[in-house]
Amino acid sequence: MLSRRHLSVVTLLALGAMAVPAHAATLQIVMENLVISPAEASVKVGDTIEWINKDVFAHTATARNGDFDVTIPPNKTVTSVLKKAGTVEYYCRFHPNMKAVLNIAP
């Protein structure tokens, strides 16, 4: 049987383990054949986006509200970390018909 002191230590350790924040997630967004996939995604502030360009020409991920503007060279991957919550519509400046939405939770 555990003594009161040991029980207190075990309880504090268990509570401390529950207070550890979750690790940030990584979302892959692919640009291929002039399409952004997924067209809508939900993420959190602090998450990382891997912008993957599978086309033979450059694309951008340009937020309409100015929150980000990422250039992705042909056949390359670029990463960025989300810093602000909100619903962000973005598009490719070179191919404005390529559009998508990120729902960024706090």
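FYI, side chains are in, hydrogens and waters are out, and symmetry mates aren't considered; it's all heavy atoms of this structure.
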Derivation and outcome, side-chain contact (heavy atoms from CB on, under 4.5 Å), residues Glu50 and Ile29: CA-CA 6 Å; Glu50 282 187 350; Ile29 296 179; over 6 Å; no
Between [X] and [Y], what is the shortest heavy-atom contact and its length?
X	Y	value
Val101	Glu89	CG2-CG, 4.1 Å
Lys84	Val45	C-CG2, 3.7 Å
Ala100	Pro38	CB-O, 4.2 Å

Should [X] and [Y] be regarded as members of a common hydrophobic cluster, given that ILVMFWY residues are connected when their side-chain heavy atoms come within less than 4.5 Å of each other, either directly or indirectly?
X	Y	value
Val81	Val88	no
Phe94	Val56	no
Val78	Ile49	yes
Leu34	Ile36	yes

With rounding to the nearest 0.5 Å, note down the distance linking [atom1] in [X] to [atom2] in [Y].
X	Y	atom1	atom2	answer
Leu102	Leu27	CG	CG	7.0 Å
Cys92	Met31	SG	CE	6.5 Å
Asp69	Thr71	CG	OG1	5.5 Å

Give a yes or no answer on whether the side chain of [X] reaches the backbone of [Y] with a donor-acceptor pair at less than 3.5 Å.
X	Y	result
Asn103	Thr87	no
Asp55	Asn33	yes
Asn53	Lys76	no
Asp47	Thr26	no
Thr60	Arg93	yes

Sequence-distant partners of Phe57, ring pair (Phe, Tyr, Trp, His ring centres under 6.0 Å), two or more places apart: His59, His95
Verdict with reasoning, Arg64 to Tyr90, per side-chain contact (heavy atoms from CB on, under 4.5 Å): CA-CA 5 Å; Arg64 293 200 183 277; Tyr90 66 96; 6.0 Å; no
Test side-chain hydrogen bond (donor to acceptor under 3.5 Å, both in side chains) applied to Trp51 and Ser80, step by step: CA-CA 8 Å; Trp51 306 97; Ser80 60; 2.9 Å; yes
